[in-house]
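Naming convention: chains lettered A, B, ... in sequence-line order (proteins, then strands); numbering from 1 in each chain. Heavy-atom basis, side chains included; hydrogens, waters and symmetry copies ignored.
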Amino acid sequence: MARRRPDSPAAAGPREQPLAPSESDLARRAILDTVARIPSGRVATYSQIAWLAGYPGRARLVGRVLGGLLEAGANTPWHRVINAAGQISLPTFSEAHREQKRRLRAEGVVFANERVSLRRYGWQAGGGESPLID
DNA sequence: AAACTGACGTGAT
DNA sequence: CATCACGCCAGTT
């Protein structure tokens, strides 16, 4: 399905600029790319992702970007991102919240009193390379 | 344009 | 553990 001609001569329009990706697009890409690297069965915090993606101190930005995934369903493991307290940040009684918990549990992540131990399941924490400390 | 609103985090009380 | 105050900042009102 060729939905667009990469090089339609002058028929397309006056200015055919490369359309430089906006800063927000670059950020979104970097963030999603980083989230995609979180191993199954592990979790990462918003601030951690922000930092690794090159936007230290921008935890909220990560949340904003991930929020866009809910509707536009993507294959990004957004459920592996939680807050610094080890809790799911989505509204407690929301469908999305339950979905996130469901997915994490399916990967073996254990919840204790609505919280996840970052020590044990945190990405690149607890023991470096060790799969899981148990 | 100003105010409000968050899938946040951290430090102080 | 619960609140509050900030710092941060993009999208909505």
Side-chain angles (χ1 to χ4, degrees):
Chain A
M1 319 74 141
R3 43 173 14 141
R4 67 200 305 237
R5 318 315 303 282
D7 53 0
S8 328
R15 45 221 166 307
E16 182 82 26
Q17 287 185 48
L19 213 58
S22 63
E23 176 55 36
S24 61
D25 284 334
L26 290 176
R28 185 159 54 76
R29 254 203 47 191
I31 288 170
L32 294 181
D33 187 65
T34 302
V35 172
R37 290 166 40 204
I38 307 172
S40 174
R42 286 300 210 19
V43 296
T45 67
Y46 294 92
S47 66
Q48 179 182 1
I49 294 301
W51 188 273
L52 293 175
Y55 295 86
R58 307 288 296 285
R60 287 191 115 121
L61 178 60
V62 175
R64 174 174 298 297
V65 171
L66 294 185
L69 296 178
L70 295 180
E71 295 179 16
N75 32 332
T76 302
W78 56 268
H79 60 284
R80 309 216 258 243
V81 184
I82 60 180
N83 64 35
Q87 301 177 292
I88 287 176
S89 281
L90 289 159
T92 309
F93 298 102
S94 68
E95 195 57 38
H97 178 109
R98 295 193 319 192
E99 175 62 10
Q100 178 166 21
K101 187 189 291 183
R102 188 188 72 68
R103 292 196 191 185
L104 286 175
R105 279 175 164 161
E107 296 182 352
V109 175
V110 175
F111 280 79
N113 193 35
E114 298 306 303
R115 291 189 294 109
V116 170
S117 168
L118 293 176
R119 182 93 80 184
R120 289 171 49 194
Y121 304 102
W123 182 27
Q124 303 179 330
E129 296 299 307
S130 49
L132 265 201
I133 308 167
D134 184 54

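The heavy-atom pair separating A/V35 from A/P77 by the smallest distance is O-CG, 3.4 Å. Across A/Y121 and A/V109, no two heavy atoms sit closer than the pair CE2-CA, 4.0 Å.
Between B/dA1 and C/dC8, the distance separating the two P atoms is 22 Å to the nearest Å. Nucleotides C/dG7 and B/dG6, compared at atom C1', are 14 Å apart to the nearest Å.
Atom pair A/I31:CD1 and B/dA7:P shows a separation of 15 Å (rounding to whole Å applied). Rounded to whole angstrom, the span from the CG atom of A/L90 across to the P atom of B/dT5 amounts to 19 Å. Remark: C1' of B/dG9 and CG of A/L118 are 13 Å apart, rounded to the nearest angstrom. Spacing between atom CD of A/E95 and atom P of B/dA7 amounts to 16 Å, rounded to whole angstrom units. For the pair A/L26 CG and C/dA10 P, the computed distance is 13 Å after rounding to whole Å. With rounding to whole Å, A/R115 atom CZ is found 21 Å from B/dA7 atom P. Rounded to an integer number of Å, the gap from A/Y55 OH to C/dC8 P is 17 Å. Taking atom CZ on A/R64 and atom P on C/dG11, their separation rounds to 6 Å, with Å as the unit.
With distances taken from any side-chain atom of A/N83 to the nucleotides C/dA10, B/dA7, B/dG9, the minimum falls on B/dG9. Distance from the side chain of A/R60 is smallest for C/dC8 among the nucleotides B/dG9, C/dC8, C/dG11. If you check C/dA10, B/dA7, B/dT10 against the side chain of A/L61, the one that comes closest is C/dA10. When distances are taken from the side chain of A/S47 to each of C/dC8, B/dA7, B/dG9, the shortest belongs to B/dG9. In this structure, the nucleotide among B/dA7, B/dG9, C/dA10 sitting nearest to the side chain of A/T45 is B/dG9. Listed nucleotides: B/dC8, B/dA7, B/dT10. Nearest to the side chain of A/L70: B/dA7.
Judged purely by atom type and a 3.5 angstrom limit, A/R103 has no side-chain atom pairing as donor or acceptor with the backbone of A/H79. For the pair A/Q48 (side chain) and A/W123 (backbone), a donor-acceptor distance under 3.5 Å is present. Judged by distance alone, the side chain of A/Q100 and the main-chain N or O of A/V81 form a donor-acceptor pair under 3.5 Å.
Residue contacts for A/R58: at a heavy-atom cut-off of 4.0 Å it reaches the sugar-phosphate backbone alone, with no base atom in range.
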